[in-house]
Protein chains: 2
Amino acid sequence: MRLLVVEDEVKLASYLKRGLEADGHAVDIAGDGEEGLWLARNQSYDVIVLDIMLPKRNGFQVCADLRGESNWTPILMLTAKDGEFDIEEALDTGADDYLTKPFSFVVLSARIRAIARRGAPERPAVLEVDDLRLDPAAHTVERGGTEIKVTAKEFSLLEFLMRHSGEAVRKTNILNAVWDWDFEGDSNVVEVYIGYLRRKIDDPFDRASIETVRGVGYRLRVGR
Amino acid sequence: MRLLVVEDEVKLASYLKRGLEADGHAVDIAGDGEEGLWLARNQSYDVIVLDIMLPKRNGFQVCADLRGESNWTPILMLTAKDGEFDIEEALDTGADDYLTKPFSFVVLSARIRAIARRGAPERPAVLEVDDLRLDPAAHTVERGGTEIKVTAKEFSLLEFLMRHSGEAVRKTNILNAVWDWDFEGDSNVVEVYIGYLRRKIDDPFDRASIETVRGVGYRLRVGR
DNA sequence: GGTTCCTCTCAGCGTTCTCTCAGCTACGGC
DNA sequence: GCCGTAGCTGAGAGAACGCTGAGAGGAACC
(Lines give C-alpha, C1' and ligand atoms only; values in the text may rest on other atoms or scores of the structure.)
Protein backbone atom coordinates (compact mmCIF):
# COMPACT_ATOMS: atom_id res chain seq x y z
CA MET A 1 0.00 0.00 0.00
CA ARG A 2 0.97 3.64 -0.36
CA LEU A 3 1.13 5.34 3.00
CA LEU A 4 1.69 8.93 4.09
CA VAL A 5 3.11 9.53 7.55
CA VAL A 6 2.83 13.10 8.83
CA GLU A 7 5.08 13.29 11.87
CA ASP A 8 7.59 15.96 12.88
CA GLU A 9 9.50 13.91 15.44
CA VAL A 10 12.35 12.61 13.30
CA LYS A 11 13.06 9.60 15.49
CA LEU A 12 9.50 8.38 15.35
CA ALA A 13 9.11 9.19 11.66
CA SER A 14 12.13 7.14 10.78
CA TYR A 15 11.04 4.27 12.98
CA LEU A 16 7.65 4.20 11.26
CA LYS A 17 9.12 4.45 7.80
CA ARG A 18 11.52 1.61 8.48
CA GLY A 19 8.91 -0.71 9.88
CA LEU A 20 6.20 0.01 7.35
CA GLU A 21 8.59 -0.44 4.45
CA ALA A 22 9.68 -3.75 5.92
CA ASP A 23 5.97 -4.64 5.83
CA GLY A 24 6.03 -4.03 2.10
CA HIS A 25 4.45 -0.58 1.93
CA ALA A 26 5.64 2.51 0.09
CA VAL A 27 6.01 5.27 2.65
CA ASP A 28 6.23 9.04 2.25
CA ILE A 29 7.11 11.24 5.20
CA ALA A 30 5.97 14.80 5.78
CA GLY A 31 7.57 16.83 8.55
CA ASP A 32 4.80 19.37 9.14
CA GLY A 33 1.13 19.96 8.52
CA GLU A 34 1.45 21.96 5.35
CA GLU A 35 3.77 19.49 3.69
CA GLY A 36 1.41 16.73 4.73
CA LEU A 37 -1.56 18.53 3.29
CA TRP A 38 0.26 19.22 0.06
CA LEU A 39 1.29 15.58 -0.37
CA ALA A 40 -2.17 14.31 0.53
CA ARG A 41 -3.70 16.59 -2.09
CA ASN A 42 -1.23 15.78 -4.85
CA GLN A 43 -0.63 12.10 -4.31
CA SER A 44 -2.93 9.19 -3.80
CA TYR A 45 -2.54 7.22 -0.60
CA ASP A 46 -4.27 4.22 0.87
CA VAL A 47 -3.86 5.43 4.45
CA ILE A 48 -2.61 8.59 6.12
CA VAL A 49 -0.98 8.38 9.55
CA LEU A 50 -1.33 11.81 11.09
CA ASP A 51 0.20 13.16 14.26
CA ILE A 52 -1.84 15.80 16.08
CA MET A 53 0.98 17.97 17.37
CA LEU A 54 2.59 19.33 14.22
CA PRO A 55 4.34 22.54 13.18
CA LYS A 56 2.54 24.99 10.91
CA ARG A 57 -0.81 23.22 10.83
CA ASN A 58 -1.95 20.68 13.40
CA GLY A 59 -3.45 17.28 12.70
CA PHE A 60 -7.03 18.36 13.36
CA GLN A 61 -6.74 21.15 10.81
CA VAL A 62 -5.14 18.90 8.20
CA CYS A 63 -7.82 16.30 8.74
CA ALA A 64 -10.65 18.83 8.60
CA ASP A 65 -9.22 20.42 5.46
CA LEU A 66 -9.01 17.13 3.63
CA ARG A 67 -12.51 16.06 4.60
CA GLY A 68 -13.75 19.51 3.58
CA GLU A 69 -12.29 18.90 0.15
CA SER A 70 -14.03 15.53 -0.02
CA ASN A 71 -10.80 13.64 0.38
CA TRP A 72 -11.87 10.47 2.21
CA THR A 73 -8.52 8.71 2.45
CA PRO A 74 -8.57 6.73 5.71
CA ILE A 75 -6.77 8.64 8.45
CA LEU A 76 -5.16 7.16 11.56
CA MET A 77 -4.39 9.82 14.18
CA LEU A 78 -1.58 9.68 16.68
CA THR A 79 -2.29 11.24 20.07
CA ALA A 80 0.00 11.83 23.01
CA LYS A 81 -0.59 9.78 26.13
CA ASP A 82 -1.35 12.65 28.48
CA GLY A 83 -3.88 13.74 25.88
CA GLU A 84 -4.10 17.47 26.07
CA PHE A 85 -6.47 16.97 23.19
CA ASP A 86 -9.68 15.11 23.41
CA ILE A 87 -9.53 11.78 21.71
CA GLU A 88 -13.14 12.13 20.63
CA GLU A 89 -12.16 15.30 18.82
CA ALA A 90 -9.92 13.26 16.55
CA LEU A 91 -12.80 11.09 15.49
CA ASP A 92 -15.15 14.09 15.21
CA THR A 93 -12.95 15.90 12.73
CA GLY A 94 -13.12 12.90 10.47
CA ALA A 95 -10.32 10.58 11.53
CA ASP A 96 -11.05 6.89 11.14
CA ASP A 97 -9.08 5.65 14.12
CA TYR A 98 -6.51 6.85 16.62
CA LEU A 99 -3.56 5.42 18.51
CA THR A 100 -2.11 6.70 21.77
CA LYS A 101 1.65 7.15 21.98
CA PRO A 102 3.71 5.23 22.76
CA PHE A 103 2.49 2.25 20.79
CA SER A 104 4.14 -0.86 19.44
CA PHE A 105 4.67 -1.46 15.78
CA VAL A 106 2.56 -4.60 15.60
CA VAL A 107 -0.41 -2.63 16.89
CA LEU A 108 0.07 0.22 14.45
CA SER A 109 0.43 -2.20 11.59
CA ALA A 110 -2.79 -3.95 12.54
CA ARG A 111 -4.70 -0.67 12.75
CA ILE A 112 -3.47 0.46 9.38
CA ARG A 113 -4.60 -2.80 7.84
CA ALA A 114 -7.92 -2.46 9.59
CA ILE A 115 -8.82 1.03 8.41
CA ALA A 116 -7.55 0.38 4.91
CA ARG A 117 -10.03 -2.45 4.74
CA ARG A 118 -12.99 -0.20 5.56
CA GLY A 119 -15.51 -0.39 2.78
CA ALA A 120 -14.21 -3.77 1.84
CA PRO A 121 -15.84 -5.55 4.73
CA GLU A 122 -13.98 -8.87 4.78
CA ARG A 123 -12.29 -9.69 7.99
CA PRO A 124 -8.53 -9.58 8.13
CA ALA A 125 -6.90 -12.78 7.06
CA VAL A 126 -6.59 -15.31 9.80
CA LEU A 127 -2.98 -16.33 10.27
CA GLU A 128 -2.40 -20.06 10.13
CA VAL A 129 0.78 -21.94 10.72
CA ASP A 130 0.30 -25.64 10.89
CA ASP A 131 -2.61 -26.18 13.31
CA LEU A 132 -1.99 -22.87 15.04
CA ARG A 133 -4.58 -20.23 14.19
CA LEU A 134 -4.47 -16.58 15.16
CA ASP A 135 -7.39 -14.35 14.34
CA PRO A 136 -6.37 -10.67 14.44
CA ALA A 137 -9.96 -9.45 14.34
CA ALA A 138 -11.32 -11.68 17.07
CA HIS A 139 -8.07 -11.52 18.98
CA THR A 140 -8.09 -15.24 19.56
CA VAL A 141 -5.55 -18.00 19.31
CA GLU A 142 -6.29 -21.63 18.91
CA ARG A 143 -4.36 -24.81 18.38
CA GLY A 144 -6.14 -27.70 16.77
CA GLY A 145 -9.54 -26.18 17.46
CA THR A 146 -9.13 -25.52 21.17
CA GLU A 147 -8.76 -21.92 22.22
CA ILE A 148 -5.67 -20.77 24.05
CA LYS A 149 -5.88 -17.75 26.30
CA VAL A 150 -3.03 -15.33 25.79
CA THR A 151 -2.35 -11.86 27.11
CA ALA A 152 -2.01 -8.81 24.87
CA LYS A 153 1.79 -8.94 24.73
CA GLU A 154 1.83 -12.65 24.09
CA PHE A 155 -0.67 -12.12 21.30
CA SER A 156 1.44 -9.45 19.61
CA LEU A 157 4.54 -11.56 19.93
CA LEU A 158 2.86 -14.60 18.46
CA GLU A 159 1.37 -12.54 15.66
CA PHE A 160 4.81 -11.23 14.77
CA LEU A 161 6.33 -14.70 14.82
CA MET A 162 3.52 -16.07 12.67
CA ARG A 163 3.90 -13.30 10.12
CA HIS A 164 7.54 -14.35 9.87
CA SER A 165 7.07 -18.07 10.26
CA GLY A 166 10.01 -20.11 9.10
CA GLU A 167 12.37 -17.17 9.38
CA ALA A 168 14.89 -16.65 12.11
CA VAL A 169 13.99 -13.29 13.63
CA ARG A 170 16.45 -11.37 15.72
CA LYS A 171 15.56 -10.49 19.26
CA THR A 172 16.11 -6.80 18.59
CA ASN A 173 13.68 -6.94 15.68
CA ILE A 174 11.08 -8.52 17.92
CA LEU A 175 11.71 -5.86 20.52
CA ASN A 176 11.28 -3.11 17.97
CA ALA A 177 8.12 -4.54 16.53
CA VAL A 178 6.25 -5.81 19.55
CA TRP A 179 7.26 -3.44 22.31
CA ASP A 180 6.60 0.28 22.37
CA TRP A 181 8.81 2.17 20.03
CA ASP A 182 10.54 4.01 22.86
CA PHE A 183 10.98 0.92 25.03
CA GLU A 184 14.23 1.25 26.97
CA GLY A 185 14.91 -2.16 28.43
CA ASP A 186 17.16 -5.02 27.48
CA SER A 187 15.99 -7.87 25.37
CA ASN A 188 15.62 -10.30 28.27
CA VAL A 189 11.96 -9.43 28.26
CA VAL A 190 11.70 -11.14 24.88
CA GLU A 191 13.15 -14.31 26.37
CA VAL A 192 10.67 -14.15 29.21
CA TYR A 193 7.70 -13.80 26.88
CA ILE A 194 8.95 -16.52 24.58
CA GLY A 195 8.99 -18.66 27.68
CA TYR A 196 5.37 -17.79 28.50
CA LEU A 197 4.25 -18.48 24.95
CA ARG A 198 6.03 -21.80 24.82
CA ARG A 199 4.28 -22.98 27.94
CA LYS A 200 0.98 -22.12 26.29
CA ILE A 201 1.35 -23.15 22.70
CA ASP A 202 3.94 -25.91 22.60
CA ASP A 203 2.59 -29.39 22.39
CA PRO A 204 4.20 -32.80 22.62
CA PHE A 205 3.64 -33.58 18.95
CA ASP A 206 5.71 -32.56 15.98
CA ARG A 207 3.79 -29.36 15.40
CA ALA A 208 4.72 -25.77 14.87
CA SER A 209 6.80 -24.58 17.79
CA ILE A 210 9.18 -21.83 18.75
CA GLU A 211 12.78 -22.77 18.21
CA THR A 212 15.76 -20.95 19.61
CA VAL A 213 18.37 -19.93 17.06
CA ARG A 214 21.34 -19.39 19.29
CA GLY A 215 23.16 -16.12 18.70
CA VAL A 216 20.30 -14.87 16.52
CA GLY A 217 16.87 -15.11 18.04
CA TYR A 218 13.86 -17.33 17.45
CA ARG A 219 12.09 -19.13 14.64
CA LEU A 220 8.52 -20.36 14.47
CA ARG A 221 9.10 -23.73 12.91
CA VAL A 222 6.45 -25.06 10.62
CA GLY A 223 5.75 -28.63 11.62
CA ARG A 224 4.42 -31.28 9.35
CA MET B 1 25.32 -1.13 -4.86
CA ARG B 2 26.79 2.24 -4.00
CA LEU B 3 27.91 2.33 -0.37
CA LEU B 4 29.25 5.08 1.87
CA VAL B 5 31.39 4.05 4.82
CA VAL B 6 31.95 6.77 7.44
CA GLU B 7 34.74 5.49 9.69
CA ASP B 8 37.79 7.28 11.07
CA GLU B 9 39.78 4.23 12.09
CA VAL B 10 41.96 3.78 9.03
CA LYS B 11 42.60 0.07 9.46
CA LEU B 12 38.93 -0.75 9.76
CA ALA B 13 37.93 1.61 6.94
CA SER B 14 40.33 -0.01 4.54
CA TYR B 15 39.31 -3.49 5.64
CA LEU B 16 35.68 -2.62 4.94
CA LYS B 17 36.42 -1.02 1.60
CA ARG B 18 38.41 -4.03 0.45
CA GLY B 19 35.82 -6.54 1.53
CA LEU B 20 32.80 -4.67 0.23
CA GLU B 21 34.44 -4.04 -3.12
CA ALA B 22 35.22 -7.73 -3.35
CA ASP B 23 31.48 -8.23 -2.85
CA GLY B 24 30.90 -6.15 -5.95
CA HIS B 25 29.92 -2.82 -4.40
CA ALA B 26 31.22 0.67 -5.13
CA VAL B 27 32.54 2.08 -1.86
CA ASP B 28 33.27 5.65 -0.80
CA ILE B 29 35.04 6.33 2.50
CA ALA B 30 34.63 9.39 4.69
CA GLY B 31 37.02 9.91 7.59
CA ASP B 32 34.87 12.18 9.76
CA GLY B 33 31.29 13.18 10.33
CA GLU B 34 31.32 16.35 8.27
CA GLU B 35 32.84 14.69 5.26
CA GLY B 36 30.31 11.89 5.63
CA LEU B 37 27.44 14.33 5.80
CA TRP B 38 28.71 16.19 2.76
CA LEU B 39 29.02 13.02 0.69
CA ALA B 40 25.64 11.72 1.81
CA ARG B 41 24.03 15.00 0.77
CA ASN B 42 25.75 15.28 -2.58
CA GLN B 43 25.85 11.69 -3.73
CA SER B 44 23.26 9.01 -3.90
CA TYR B 45 23.95 5.82 -1.95
CA ASP B 46 22.07 2.60 -1.43
CA VAL B 47 23.34 2.13 2.11
CA ILE B 48 25.43 4.20 4.55
CA VAL B 49 27.63 2.44 7.10
CA LEU B 50 28.15 4.91 9.91
CA ASP B 51 30.46 4.70 12.90
CA ILE B 52 29.24 6.48 16.03
CA MET B 53 32.57 7.69 17.40
CA LEU B 54 33.73 10.13 14.76
CA PRO B 55 35.74 13.36 14.70
CA LYS B 56 33.94 16.65 14.12
CA ARG B 57 30.41 15.30 14.13
CA ASN B 58 29.39 11.99 15.66
CA GLY B 59 27.27 9.31 14.04
CA PHE B 60 24.11 10.21 15.91
CA GLN B 61 24.33 13.80 14.72
CA VAL B 62 25.02 12.80 11.12
CA CYS B 63 22.11 10.39 11.19
CA ALA B 64 19.74 12.88 12.80
CA ASP B 65 20.78 15.59 10.34
CA LEU B 66 20.11 13.41 7.33
CA ARG B 67 16.74 12.24 8.63
CA GLY B 68 15.86 15.83 9.46
CA GLU B 69 16.50 16.69 5.84
CA SER B 70 14.23 13.85 4.74
CA ASN B 71 17.15 11.80 3.53
CA TRP B 72 16.01 8.24 4.20
CA THR B 73 18.96 6.31 2.81
CA PRO B 74 19.24 3.13 4.89
CA ILE B 75 21.86 3.55 7.62
CA LEU B 76 23.76 0.78 9.39
CA MET B 77 25.42 2.06 12.57
CA LEU B 78 28.59 0.70 14.11
CA THR B 79 28.70 0.82 17.90
CA ALA B 80 31.51 -0.03 20.30
CA LYS B 81 31.03 -3.11 22.46
CA ASP B 82 31.34 -1.42 25.84
CA GLY B 83 28.63 0.88 24.55
CA GLU B 84 29.19 4.20 26.20
CA PHE B 85 26.28 5.01 23.94
CA ASP B 86 22.97 3.33 24.20
CA ILE B 87 22.44 0.95 21.34
CA GLU B 88 18.77 1.74 21.19
CA GLU B 89 19.73 5.34 20.69
CA ALA B 90 21.17 4.38 17.33
CA LEU B 91 17.80 3.11 16.19
CA ASP B 92 16.00 6.01 17.80
CA THR B 93 17.96 8.62 15.88
CA GLY B 94 16.84 6.99 12.69
CA ALA B 95 19.37 4.27 11.95
CA ASP B 96 17.93 1.18 10.30
CA ASP B 97 20.17 -1.34 11.99
CA TYR B 98 23.34 -1.47 14.07
CA LEU B 99 26.28 -3.75 14.55
CA THR B 100 28.44 -4.01 17.64
CA LYS B 101 32.19 -3.90 17.18
CA PRO B 102 34.00 -6.10 16.70
CA PHE B 103 31.99 -7.88 14.04
CA SER B 104 32.81 -10.28 11.26
CA PHE B 105 32.61 -9.40 7.61
CA VAL B 106 30.06 -12.07 6.77
CA VAL B 107 27.69 -10.57 9.32
CA LEU B 108 28.19 -7.02 8.06
CA SER B 109 27.63 -8.12 4.50
CA ALA B 110 24.40 -9.88 5.43
CA ARG B 111 23.10 -6.87 7.31
CA ILE B 112 23.83 -4.55 4.42
CA ARG B 113 21.93 -6.85 2.08
CA ALA B 114 19.08 -6.99 4.57
CA ILE B 115 18.55 -3.26 5.02
CA ALA B 116 19.00 -2.56 1.32
CA ARG B 117 16.14 -4.98 0.71
CA ARG B 118 13.69 -2.98 2.83
CA GLY B 119 10.54 -2.20 0.96
CA ALA B 120 11.03 -5.27 -1.14
CA PRO B 121 10.47 -7.80 1.57
CA GLU B 122 11.37 -10.98 -0.26
CA ARG B 123 13.69 -13.29 1.53
CA PRO B 124 17.34 -13.37 0.59
CA ALA B 125 18.22 -16.06 -1.91
CA VAL B 126 18.79 -19.56 -0.63
CA LEU B 127 22.31 -20.76 -1.37
CA GLU B 128 22.53 -24.13 -3.07
CA VAL B 129 25.58 -26.16 -3.88
CA ASP B 130 24.80 -29.62 -5.06
CA ASP B 131 22.33 -31.02 -2.53
CA LEU B 132 23.54 -28.67 0.19
CA ARG B 133 21.10 -25.87 0.96
CA LEU B 134 21.69 -22.91 3.24
CA ASP B 135 18.82 -20.52 3.92
CA PRO B 136 20.10 -17.20 5.28
CA ALA B 137 16.63 -16.03 6.34
CA ALA B 138 15.65 -19.14 8.20
CA HIS B 139 19.21 -19.72 9.35
CA THR B 140 18.99 -23.37 8.43
CA VAL B 141 21.22 -25.83 6.63
CA GLU B 142 20.12 -29.01 5.01
CA ARG B 143 21.61 -31.74 2.90
CA GLY B 144 19.30 -33.74 0.71
CA GLY B 145 16.25 -32.55 2.61
CA THR B 146 17.38 -33.41 6.12
CA GLU B 147 18.22 -30.55 8.39
CA ILE B 148 21.68 -30.24 9.85
CA LYS B 149 22.12 -28.36 13.09
CA VAL B 150 25.05 -25.97 13.01
CA THR B 151 26.27 -23.32 15.41
CA ALA B 152 26.50 -19.63 14.52
CA LYS B 153 30.19 -19.79 13.60
CA GLU B 154 29.79 -22.93 11.57
CA PHE B 155 26.90 -21.29 9.77
CA SER B 156 28.94 -18.21 8.85
CA LEU B 157 31.84 -20.35 7.71
CA LEU B 158 29.65 -22.54 5.54
CA GLU B 159 27.89 -19.51 4.09
CA PHE B 160 31.25 -18.04 3.12
CA LEU B 161 32.41 -21.29 1.53
CA MET B 162 29.16 -21.63 -0.39
CA ARG B 163 29.36 -18.08 -1.69
CA HIS B 164 32.79 -19.02 -3.03
CA SER B 165 32.02 -22.60 -3.99
CA GLY B 166 34.50 -24.13 -6.39
CA GLU B 167 37.15 -21.56 -5.48
CA ALA B 168 40.16 -22.22 -3.31
CA VAL B 169 39.91 -19.73 -0.47
CA ARG B 170 42.87 -18.81 1.70
CA LYS B 171 42.69 -19.45 5.40
CA THR B 172 43.52 -15.83 6.10
CA ASN B 173 40.63 -14.73 3.91
CA ILE B 174 38.29 -16.99 5.80
CA LEU B 175 39.63 -15.63 9.06
CA ASN B 176 39.04 -12.08 7.89
CA ALA B 177 35.57 -12.76 6.64
CA VAL B 178 34.11 -15.03 9.26
CA TRP B 179 35.88 -14.00 12.42
CA ASP B 180 35.80 -10.55 13.99
CA TRP B 181 37.88 -8.10 12.06
CA ASP B 182 40.31 -7.58 14.93
CA PHE B 183 40.60 -11.27 15.78
CA GLU B 184 44.06 -11.85 17.19
CA GLY B 185 44.48 -15.58 17.17
CA ASP B 186 46.24 -17.90 14.78
CA SER B 187 44.43 -19.55 11.95
CA ASN B 188 44.19 -22.88 13.70
CA VAL B 189 40.59 -21.95 14.60
CA VAL B 190 39.74 -22.19 10.95
CA GLU B 191 41.10 -25.71 10.82
CA VAL B 192 39.16 -26.62 13.92
CA TYR B 193 35.92 -25.27 12.51
CA ILE B 194 36.48 -26.86 9.13
CA GLY B 195 36.81 -30.08 11.08
CA TYR B 196 33.51 -29.50 12.86
CA LEU B 197 31.75 -28.72 9.58
CA ARG B 198 33.15 -31.75 7.83
CA ARG B 199 31.83 -34.02 10.54
CA LYS B 200 28.41 -32.49 10.07
CA ILE B 201 28.05 -32.04 6.33
CA ASP B 202 30.27 -34.62 4.70
CA ASP B 203 28.63 -37.72 3.45
CA PRO B 204 29.95 -40.97 2.06
CA PHE B 205 28.73 -40.25 -1.46
CA ASP B 206 30.39 -38.16 -4.11
CA ARG B 207 28.68 -34.95 -3.09
CA ALA B 208 29.83 -31.44 -2.39
CA SER B 209 32.47 -31.52 0.30
CA ILE B 210 35.25 -29.45 1.77
CA GLU B 211 38.61 -30.20 0.23
CA THR B 212 41.95 -29.16 1.64
CA VAL B 213 44.18 -27.24 -0.75
CA ARG B 214 47.55 -27.73 0.83
CA GLY B 215 49.53 -24.54 1.36
CA VAL B 216 46.49 -22.43 0.43
CA GLY B 217 43.31 -23.21 2.27
CA TYR B 218 40.06 -24.93 1.41
CA ARG B 219 37.67 -25.40 -1.46
CA LEU B 220 34.01 -26.39 -1.39
CA ARG B 221 34.00 -28.88 -4.21
CA VAL B 222 30.86 -29.14 -6.26
CA GLY B 223 29.98 -32.79 -6.57
CA ARG B 224 27.88 -34.28 -9.28
C1' DG C 1 -10.17 -0.23 48.57
C1' DG C 2 -9.01 -4.66 47.54
C1' DT C 3 -7.99 -8.24 44.35
C1' DT C 4 -6.43 -10.08 40.29
C1' DC C 5 -3.92 -10.05 36.29
C1' DC C 6 -0.28 -8.32 33.43
C1' DT C 7 4.26 -6.62 32.44
C1' DC C 8 8.80 -6.24 33.33
C1' DT C 9 13.34 -6.73 36.02
C1' DC C 10 16.76 -9.31 38.13
C1' DA C 11 19.79 -12.90 39.54
C1' DG C 12 21.21 -17.57 39.40
C1' DC C 13 21.92 -21.64 36.90
C1' DG C 14 22.75 -24.94 33.33
C1' DT C 15 23.90 -25.51 28.64
C1' DT C 16 26.31 -24.68 24.61
C1' DC C 17 29.75 -22.46 22.02
C1' DT C 18 34.24 -20.78 21.00
C1' DC C 19 38.87 -21.02 21.17
C1' DT C 20 43.49 -22.77 22.71
C1' DC C 21 46.73 -26.21 23.18
C1' DA C 22 49.30 -30.28 22.47
C1' DG C 23 49.99 -34.34 20.35
C1' DC C 24 49.13 -36.88 16.23
C1' DT C 25 48.65 -37.84 11.12
C1' DA C 26 49.69 -37.47 6.48
C1' DC C 27 51.37 -35.18 2.47
C1' DG C 28 55.02 -34.09 -0.53
C1' DG C 29 59.86 -33.06 -1.48
C1' DC C 30 64.19 -35.01 -1.63
C1' DG D 1 61.77 -44.34 2.45
C1' DC D 2 62.59 -40.46 5.49
C1' DC D 3 61.81 -36.08 7.31
C1' DG D 4 59.84 -31.62 7.87
C1' DT D 5 55.89 -29.08 7.78
C1' DA D 6 50.97 -28.38 7.23
C1' DG D 7 46.88 -29.83 8.67
C1' DC D 8 43.77 -32.55 11.89
C1' DT D 9 41.63 -33.62 16.22
C1' DG D 10 40.45 -34.66 21.17
C1' DA D 11 40.27 -32.52 25.56
C1' DG D 12 39.20 -28.89 28.32
C1' DA D 13 38.80 -23.94 30.14
C1' DG D 14 36.24 -19.98 30.10
C1' DA D 15 32.78 -17.13 28.35
C1' DA D 16 28.53 -16.22 26.29
C1' DC D 17 23.92 -17.21 25.95
C1' DG D 18 19.36 -18.38 27.05
C1' DC D 19 15.91 -20.02 30.47
C1' DT D 20 13.39 -19.65 34.64
C1' DG D 21 11.49 -18.57 39.27
C1' DA D 22 10.59 -14.90 42.31
C1' DG D 23 8.84 -10.75 42.98
C1' DA D 24 7.88 -5.60 42.39
C1' DG D 25 5.03 -2.26 40.40
C1' DG D 26 0.91 -0.91 37.89
C1' DA D 27 -3.35 -1.21 35.52
C1' DA D 28 -7.86 -2.97 35.35
C1' DC D 29 -11.72 -4.64 37.37
C1' DC D 30 -14.91 -5.46 40.85
Side-chain angles (χ1 to χ4, degrees), chain A residues 81-82 100 102-104 106-107 139 141 148-158 160-161 168-172 174-202 209-219, chain B residues 81-83 87-88 100-104 106-107 139 141 148-158 160-161 168-175 177-202 209-219:
Chain A
K81 187 174 204 164
D82 48 357
T100 308
F103 46 82
S104 81
V106 168
V107 169
H139 224 262
V141 176
I148 297 171
K149 289 192 72 172
V150 294
T151 70
K153 266 276 165 341
E154 291 162 2
F155 186 86
S156 294
L157 174 57
L158 183 58
F160 185 76
L161 290 173
V169 284
R170 285 196 277 133
K171 265 184 279 193
T172 50
I174 296 176
L175 204 55
N176 281 315
V178 177
W179 272 260
D180 296 343
W181 73 281
D182 59 354
F183 181 84
E184 299 262 341
D186 78 26
S187 62
N188 172 252
V189 70
V190 178
E191 292 159 21
V192 173
Y193 271 84
I194 289 283
Y196 294 158
L197 260 188
R198 278 180 169 152
R199 279 170 238 177
K200 292 187 177 179
I201 71 160
D202 278 11
S209 64
I210 300 171
E211 291 180 327
T212 302
V213 184
R214 208 161 204 271
V216 181
Y218 300 92
R219 175 177 49 225
Chain B
K81 186 172 206 167
D82 49 355
I87 278 170
E88 294 304 316
T100 309
K101 291 185 189 178
F103 48 82
S104 79
V106 168
V107 169
H139 222 263
V141 176
I148 298 171
K149 290 191 74 170
V150 295
T151 71
K153 266 274 160 354
E154 290 162 3
F155 186 86
S156 293
L157 173 57
L158 182 59
F160 184 77
L161 290 173
V169 284
R170 301 193 157 278
K171 265 186 278 191
T172 51
N173 287 353
I174 295 176
L175 205 55
V178 177
W179 271 260
D180 297 343
W181 74 281
D182 60 352
F183 181 84
E184 300 265 341
D186 77 26
S187 62
N188 174 250
V189 250
V190 177
E191 293 158 19
V192 173
Y193 271 85
I194 289 283
Y196 294 157
L197 260 189
R198 279 180 169 151
R199 279 171 241 176
K200 291 186 178 181
I201 70 160
D202 278 11
S209 63
I210 301 170
E211 291 181 329
T212 303
V213 184
R214 209 155 206 273
V216 180
Y218 301 92
R219 175 175 48 226

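Residue numbers start from 1 in every chain, and the chains themselves are labelled A, B, ... in the order their sequence lines are given, proteins ahead of strands.
- Among the heavy atoms of the strands lying under 4.0 Å from A:Y196 is at least one base atom, whether or not backbone atoms are also near.
- Ring geometry, A:Y193 versus A:W179: the interplanar angle exceeds 60°, so the pair is classed perpendicular (tilted spans 30 to 60°).
- As rounded to whole Å, 15 Å separates atom C1' of D:dT9 from atom NZ of B:K200.
- Here C:dT7 is the nucleotide among D:dG7, D:dT20, C:dT7 with the atom lying nearest to any side-chain atom of A:K153.
- Comparing D:dC8, D:dG18, C:dC8 by their nearest atom to the side chain of A:Y218 picks out D:dG18.
- At whole-Å resolution of the value, CG in B:D180 and P in C:dC17 are 18 Å apart.
- When every heavy atom of B:G215 is checked against every heavy atom of B:R170, the shortest pair comes out as O-NH1, 4.3 Å.
- Checking D:dG7, C:dT18, D:dC19 against the side-chain heavy atoms of B:T212 singles out D:dG7 as nearest.
- Positionally, the nearest nucleotide of DNA chain D for B:G195 lies more toward the 5' end than for the other of A:V216 and B:G195.
- Here A:K171 does not reach the OP1 or OP2 of D:dC17: none of its side-chain N or O atoms lies under 4.0 Å away.
- As judged by a 4.0 angstrom heavy-atom cut-off over every strand, B:K149 is placed among residues making no nucleic acid contact.
- With distances taken from any side-chain atom of A:V189 to the nucleotides C:dC8, D:dG7, D:dG21, the minimum falls on C:dC8.
- With contacts defined as side-chain heavy-atom distances shorter than 4.5 Å, the pair A:V190/A:V178 does not qualify.
- Rounded to a whole Å, the CZ atom of A:F155 is 18 Å from the C1' atom of C:dC5.
- Under 4.0 angstrom from either OP1 or OP2 of C:dT16 there lies no side-chain N or O belonging to B:T151.
- Between the CD1 atom of A:I194 and the P atom of D:dT20 there is a distance of 11 Å, rounded to whole Å.
- Atom-to-atom, CZ of A:R199 to C1' of D:dG18 comes out at 13 Å; the value is rounded to the nearest Å.
- Following rounding to the nearest Å, A:I210 (CD1) and D:dG18 (C1') show an atom-to-atom distance of 14 Å.
- Note on A:R198: a side-chain N or O is less than 4.0 Å away from OP1 or OP2 of D:dC19.
- At the phosphate of C:dG29, neither OP1 nor OP2 sits under 4.0 Å from any side-chain N or O atom of B:R214.
- Distances shorter than 4.0 Å separate some side-chain N or O of B:W179 from OP1 or OP2 on C:dC19.
- Within the 4.5 Å cutoff, the side chain of B:Y218 has heavy atoms near those of the B:T212 side chain.
- Taking every side-chain heavy atom of A:E191 into account, D:dC19 is the closest of D:dC8, D:dC19, C:dC8.
- Here the nucleotide nearest the side chain of A:N188, chosen from D:dC19, C:dC8, C:dT18, is D:dC19.
- Annotation: side chain of B:L157 is not in contact with side chain of B:V150 (no heavy-atom distance under 4.5 Å).
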